[in-house]
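See below for the structure under consideration.
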Amino acid sequence: MKLTRLFSAAALATAVALPAGAETWDMPTPYPDATFHTVNISEFASDVSEATDGGLEITVHSAGSLFKHPEISKAVRSGQVPIGEFFLSLLANDNAVFGADSLPFLATSYDDAQKLWDAQKDVITKLLDEQGLMPLYAVPWPPQGLYTTKEINTVEDLAGLKFRTYNATLEEFANLAGAAPTQVEVPDIPQAFSTGRVEAMITSPSTGANSQAWDFLSHYTDIQAWIPKNIVVVNKRSFQRLDEETQQAVLDAAAEAETRGWEMSKKETDDQTAVLKENGITIVEPSEELMTGLREIGAQMLENWKEEAGDDGAALLDAYQQ
C-alpha cells in the first residue's frame, strides 16, 4: 500500500510538472555537447519549449548515444524517433544530389555554400518527402582541411596513407588520391589515429579541436576543400500530428537555428583554427602543386557526380551557377 501511494504521488507530481497534452520528442545527434552544432540544437530545443509553453519538449541525445550516426536518418524515417540530425551527404548512396555540398572545390566560401544550399534545398526537400521526412534546417561545417601525421606537399604524398572517410564522396576522394579509405566516425577519431588505423583525414577545424587532434597528429593543411552541412529533419507524420500553433513554433525555431548556426560556423572557423595552432599543430598553407592536384581530383569527381545525379543534379548545378 505504501509503495502504491509513492507511485501515485510521483505520477501526480509529473502531471503537475507537465502541461496538459505535453509531448516529448527524443532527438538523436551524432556529435558531442561541445560541438557548435549540438550547442545550436540545444538552443533550438529550448526555443521550441519556450514558444510552446512546454507543450513540446525536445530531449537531445548527443554523441550518438541513442542511435549511431549512420542510423539516425533511418530511425527518423521509420518513426523510432520523430526528429534527428545527421551529416547530409551520408544520404549520397540514396541519391547523389545529397552529396553536392561534399564535392571538392565546388563551393569553398560561405557565400558559395549558401548559394549551393539555396539551389539544393528544393531538390533535397522533394527527395526527403519521398522518405517521409521533412527538412527543418541545415547548418554548414567550417571549410574542410587536411590533417596528417606529416607534411603533405603533393597529392602523391597521400598515396598509401590510411585515410579516414565517413561517406561515399570522401571514399571516392581517397581512392582517387591513391590513399586507403577507412570508415571512422567522429567519436572514434582519436583511437583510430593512436592505433595507426588512420594516418590522414579531411575534416573541419571544429572536429579537429574537439578531438584534440594535437595528441595524435602534427599538421593541418588549410585546403578549404568543401563546406558540408548537417541537416535536421522531422518525421512528417510526427510533425503533422502537432497542432498548427506548435508546428509554426517548430518552424520558427528552425529558421532561427539556421541563421544562428551559419553565424556560429563562421566564428568557429577562426576560433578553432587558432586552438589547433595554440596546441602545437603546424598550420600549413597548401602548396600550389598540392592544390592543382586536388582540384584535378575535384574536377573528376564532379564529372562522375553529374552522371550519377542525373536530371536533378543538372538542375541543381544550373541553379547554383546562375
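Predicted model only: the values in this text are computed from it and were never measured.
From Thr221, atom OG1 reaches atom CG of Leu146 across 5.0 Å, with rounding to the nearest 0.5 Å. How far CE of Met291 is from OG1 of Thr154: 13.5 Å, rounded to the nearest 0.5 Å. Between Asn230 atom CG and Leu90 atom CG the span is 9.0 Å, to the nearest 0.5 Å. Here Met134 contributes atom CE and Ile83 contributes atom CD1; the two are 9.0 Å apart, rounded to the nearest 0.5 Å. Note that CG of Leu217 and CD of Gln212 are 12.0 Å apart. Values are rounded to the nearest 0.5 Å. Distance check, rounded to the nearest 0.5 Å: OG of Ser211 to CZ of Phe193 gives 9.0 Å.
The two atoms that bring Lys162 and Gly196 nearest to each other are NZ-O, 2.7 Å, heavy atoms only. Heavy-atom minimum distance, Ser204 versus Trp141: OG-CE3, 3.4 Å. What you find for Ala253 and Asp47 is that their closest heavy atoms are CB-CB, 4.0 Å. Minimum interatomic distance between Ala209 and Leu276 (heavy atoms only, all atoms of both residues): N-CD2, 3.7 Å. Nearest heavy atoms, Thr165 versus Pro181: CG2-CB, 3.6 Å. Scanning all heavy atoms of the two residues, the minimum distance from Trp305 to Ala100 falls at CZ2-CB, 3.8 Å.
Around the CD atom of Gln183, the shell of radius 6.0 Å holds more than 12 heavy atoms that belong to other residues, nucleotides or ligands. No more than 12 heavy atoms of other residues, nucleotides or ligands shown are found within 6.0 angstrom of NZ on Lys68. Residue Glu244 places its CD atom among 12 or fewer non-hydrogen atoms of other residues, nucleotides or ligands, all under 6.0 Å distant. Heavy-atom contacts from other residues, nucleotides or ligands closer than 6.0 Å to CD of Gln114 number more than 12. Applying the 6.0 Å contact sphere to CG of Asp318 captures more than 12 heavy atoms from other residues, nucleotides or ligands.
One side chain, Gln120 or Lys229, offers a donor N or O that lies under 3.5 Å from an acceptor on the other. Looking only at atom types and distance, the side chain of Asn153 has no donor-acceptor partner in the side chain of Ser287 under 3.5 Å away. Glu171 and Asn167 share no donor-acceptor pair across their side chains, judged by distance under 3.5 Å alone. Checked by atom type, the side-chain pair Thr35/Asn210 shows a donor-acceptor distance below 3.5 Å. Thr246 and Asp243 share a side-chain donor-acceptor pair at under 3.5 Å. Defined by atom type and a distance below 3.5 Å, a donor-acceptor pair is present between the side-chain atoms of Asp252 and Gln248.
Phe163 has its side chain out of reach of Glu199: every pair of non-hydrogen atoms, C-beta onward, lies at least 4.5 Å apart. The side-chain heavy atoms of Tyr166 and Met201, taken from C-beta on, include no pair separated by under 4.5 Å. With a 4.5 Å cut-off on side-chain heavy atoms, Trp117 and Glu258 count as touching. Proximity of Thr59 to Met27: side-chain heavy atoms (C-beta onward) are nowhere separated by under 4.5 Å. A 4.5 Å side-chain heavy-atom check between Phe239 and Leu251 finds at least one atom pair inside the cut-off. His219 is not listed as a side-chain neighbour of Ile152, based on a closest heavy-atom distance of 4.5 Å or more. Inter-residue side-chain proximity for Thr29 and Leu66 is flagged as unmet; no heavy-atom pair is nearer than 4.5 Å. With contacts defined as side-chain heavy-atom distances shorter than 4.5 Å, the pair Lys236/Leu128 does not qualify.
The pair Asp157-Lys150 does not meet the salt-bridge criterion, since no charged nitrogen lies less than 4.0 angstrom from a carboxylate oxygen. Ion pairing between a basic and an acidic side chain is recognised when a charged N comes within 4.0 Å of a carboxylate O; Lys266 and Glu263 show such pairing. Note on Glu303 versus Lys306: salt bridge recorded, some NZ/NE/NH1/NH2 to OD/OE distance being below 4.0 Å. Here Glu43 pairs with Arg260 in a salt bridge; the nearest charged N to carboxylate O distance falls below 4.0 Å.
The main-chain N or O of Leu106 is found under 3.5 Å from a side-chain atom of Tyr320 such that the two form a donor-acceptor pair. Formation of a donor-acceptor pair under 3.5 Å by the Asn40 side chain with backbone atoms of Ala257 is found in this model. Of the possible donor and acceptor atoms, one in the side chain of Lys115 sits under 3.5 Å from a partner among the backbone N and O of Gln322. With Ser49 contributing its side chain and Glu57 its backbone, the two residues share no donor-acceptor pair below 3.5 Å. The main-chain N or O of Thr207 is never found under 3.5 Å from a side-chain atom of Thr203 such that the two would form a donor-acceptor pair. The main-chain N or O of Val76 is found under 3.5 Å from a side-chain atom of Asn235 such that the two form a donor-acceptor pair. Under a 3.5 Å cut-off, the side chain of Ser89 and the backbone N or O of Ala92 do not form any donor-acceptor pair. In terms of modelled atom types and a separation under 3.5 Å, the side chain of Thr169 and the main chain of Leu103 share no donor-acceptor contact. Distance alone, capped at 3.5 Å, places no donor-acceptor pair between the Asn95 side chain and the Phe98 backbone. The closest donor-acceptor contact from the side chain of Thr52 to the backbone of Val48 lies under 3.5 Å.
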Check your understanding: Going through the distances and angles, do Trp25 and Glu23 end up as a side-chain hydrogen bond (donor to acceptor under 3.5 Å, both in side chains)?
Key -> CA-CA 7 Å; Trp25 280 6; Glu23 185 168 355; 3.1 Å; yes
Point to revise | side-chain contact (heavy atoms from CB on, under 4.5 Å) evaluation trace for Thr182 with Arg164 | key: CA-CA 5 Å; Thr182 304; Arg164 179 231 170 187; 5.9 Å; no
Exercise for review: Go through the steps to decide whether Trp214 and Val275 satisfy the test side-chain contact (heavy atoms from CB on, under 4.5 Å), and finish with yes or no.
Suggested key: CA-CA 10 Å; Trp214 47 86; Val275 169; 3.9 Å; yes
Practice item. Verify ring-ring contact (aromatic ring centres under 6.0 Å, His included) between His61 and Phe67, making sure each step is shown before the conclusion. Key: CA-CA 9 Å; His61 300 269; Phe67 289 97; 9.0 Å; no
Check your understanding: How far apart are the C-alpha atoms of Ile202 and Phe173, what are their side-chain angles, what is the distance that settles it, and do they pass the side-chain contact (heavy atoms from CB on, under 4.5 Å) test?
Key -> CA-CA 10 Å; Ile202 291 178; Phe173 178 91; 3.4 Å; yes
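Residue Pro143 is tested with Asp222, Thr269, Thr108, Thr273 for a side-chain contact (heavy atoms from CB on, under 4.5 Å); the sole match is Thr269. With respect to Ser206, the side-chain hydrogen bond (donor to acceptor under 3.5 Å, both in side chains) criterion is satisfied by exactly one of Gln272, Glu268, His37: Glu268.
Below 30°, between 30° and 60°, or above 60°: for Tyr110 and Trp262 the angle between ring planes is above 60°, a perpendicular geometry.
Applying the salt bridge (Lys or Arg N to Asp or Glu O under 4.0 Å) rule to Arg295 yields the partners Glu288; only residues at least two apart in sequence or on another chain are considered.
For Phe44 and Tyr137, the distance between ring centers is under 6.0 angstrom.
No single ILVMFWY cluster, assembled from side-chain heavy atoms under 4.5 Å apart, contains both Val284 and Ile223.
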